[in-house]
Amino acid sequence: MAEVLNDLPQGCDHTIDILNRLPTEVLSDICHDVLFFLQFKIPAIDVETLREKFEENRIHIEDKDLQSILHILKYIYRSASKLKVQRDSLKRQLLSSIKFTEETSENIACNWKEYGDVLKSDHSFPMFDVGKLIDMQWKLGVAVSSDGCRNLNSTFVSMTLKVADTSGKLTSHAFEMTIPQFKNISKQLQEMAKSMEMI
């Protein structure tokens, strides 16, 4: 029988130790968020709200440890979905790893039973993390001159994309395109929109 934790990345002991020390309510909230994220019910996991819960419970946790917790829980729930594991089997597998405590295993398994049905029945969700486009801004510009050319008069489009990764962290990506490049992207987006209308 395939096990949920078969391919758990090495070096997770520290993160599992943190999971084992979390209060039941806090761990349960994190499990809810991870499961809702995997079901596309929320676009990203609200890391700021989780940090506030940690502060309320007087828990100090580093950002990298919080990210590791989210990654391990996503891994566990995705593996459980792929293998169509039931609650009792998931709990037993977590306990058999000797890394998870009884309470942590029970909490993860109970949330799986309560909120994991959609994932067990529909295996069409992606198995990778992608960000969400939050904002897109563009402006048309004209480069009048440069060091090498006094009369450049070249038009360009400047774009800035604001993307939230799966942890909720916002990143801006700025780039410039020539007018032909912009027209090409615009044409591709129009083709995508037409294809989506047919669905």
Side-chain angles (χ1 to χ4, degrees), residues 1-132 134 164-170:
M1 178 177 96
E3 296 286 320
V4 169
L5 301 176
N6 269 357
D7 297 318
L8 189 67
Q10 295 297 317
C12 294
D13 294 349
H14 172 70
T15 305
I16 293 170
D17 184 49
I18 295 170
L19 272 173
N20 288 332
R21 288 182 280 137
L22 289 176
T24 304
E25 183 181 312
V26 173
L27 177 56
S28 188
D29 287 344
I30 297 171
C31 290
H32 292 168
D33 287 353
V34 168
L35 284 163
F36 289 166
F37 170 76
L38 292 175
Q39 295 173 30
F40 301 108
K41 290 183 178 178
I42 57 174
I45 296 170
D46 188 351
V47 176
E48 290 306 314
T49 301
L50 292 177
R51 282 194 193 107
E52 288 171 11
K53 286 178 184 168
F54 289 138
E55 288 174 14
E56 289 170 10
N57 288 277
R58 295 189 176 109
I59 302 167
H60 175 72
I61 190 164
E62 299 290 329
D63 286 344
K64 64 181 174 97
D65 292 330
L66 177 55
Q67 293 303 320
S68 295
I69 287 170
L70 296 174
H71 288 306
I72 283 180
L73 289 172
K74 285 187 244 181
Y75 173 84
I76 290 169
Y77 288 136
R78 285 179 172 151
S79 296
S81 170
K82 185 177 180 183
L83 300 170
K84 301 201 181 306
V85 173
Q86 298 300 318
R87 175 199 173 275
D88 293 337
S89 176
L90 178 59
K91 180 181 175 183
R92 188 175 56 255
Q93 289 180 44
L94 293 172
L95 282 172
S96 70
S97 75
I98 310 173
K99 296 176 183 176
F100 292 90
T101 63
E102 171 85 27
E103 190 175 354
T104 300
S105 301
E106 178 69 24
N107 199 332
I108 292 171
C110 281
N111 279 291
W112 176 243
K113 180 181 180 187
E114 190 170 345
Y115 299 104
D117 287 341
V118 172
L119 297 178
K120 283 185 275 190
S121 62
D122 180 16
H123 191 61
S124 63
F125 65 94
M127 295 299 281
F128 52 88
D129 294 338
V130 293
K132 177 183 178 188
I134 301 298
D165 66 15
T166 55
S167 68
K169 180 182 173 189
L170 293 177

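Since this is a predicted model, take the numbers as computed values, not measurements. These values consider heavy atoms only, across backbone and side chains, with no hydrogens, waters or symmetry-generated copies.
Considering CG of Asp29 and CG of Asn111, their distance stands at 9.0 Å, rounded to 0.5 Å. The line from CD of Glu48 to CD1 of Ile45 is 13.5 Å long, rounded to the nearest 0.5 Å. Rounded to the nearest 0.5 Å, atoms CZ (Arg51) and CG (Asp46) are 9.5 Å apart. Here the straight-line distance linking atom CG of Leu22 with atom OG1 of Thr104 works out to 7.5 Å at 0.5 Å rounding. Taken to the nearest 0.5 Å, the CG atom of Leu19 stands 7.5 Å off from the SG atom of Cys31. To the nearest 0.5 angstrom, Leu35 atom CG is 11.5 Å from Lys74 atom NZ.
No donor-acceptor distance shorter than 3.5 angstrom exists from the side chain of Ser28 to the backbone of Glu25, with no hydrogens or angles considered. Listed for the Asn57 side chain is a donor-acceptor partner under 3.5 Å among the backbone atoms of Lys53. Ser81 places no side-chain N or O within 3.5 Å of a backbone atom of Tyr77 that could act as its donor or acceptor partner. Looking at Asp17, its side chain never comes within 3.5 Å of a backbone N or O of Asp13 through a donor-acceptor pair. Of the possible polar contacts, one joining the Asn20 side chain to the Thr101 backbone as a donor-acceptor pair under 3.5 Å is found.
Val34 pairs with exactly one of Ile72, Leu70, Ile108 by the side-chain contact (heavy atoms from CB on, under 4.5 Å) rule, that one being Leu70.
At a threshold of 4.5 Å between non-hydrogen side-chain atoms, the residues Leu90 and Ile76 count as touching. When side chains are defined from C-beta on, His14 counts as touching Asp65, because their heavy atoms get closer than 4.5 Å. Taking 4.5 Å as the limit, some side-chain heavy atom of Glu106 sits within range of a side-chain heavy atom of Arg87. Residues Gln67 and Val47 are in side-chain contact: their nearest non-hydrogen atoms beyond the backbone lie under 4.5 Å apart. Taking the side chain as every heavy atom from C-beta outward, Asn107 and Phe100 never approach each other to under 4.5 Å. The shortest distance between side-chain heavy atoms of Ile59 and Pro23 falls below 4.5 Å. The shortest distance between side-chain heavy atoms of Glu102 and Lys91 falls below 4.5 Å.
Residues Arg78 and Phe37 approach most closely at NH2-CE2, 4.4 Å, considering heavy atoms.
A salt bridge is defined here as a Lys NZ or Arg NE, NH1 or NH2 lying under 4.0 Å from an Asp or Glu carboxylate O, and Glu103 with Arg21 fails to meet this definition.
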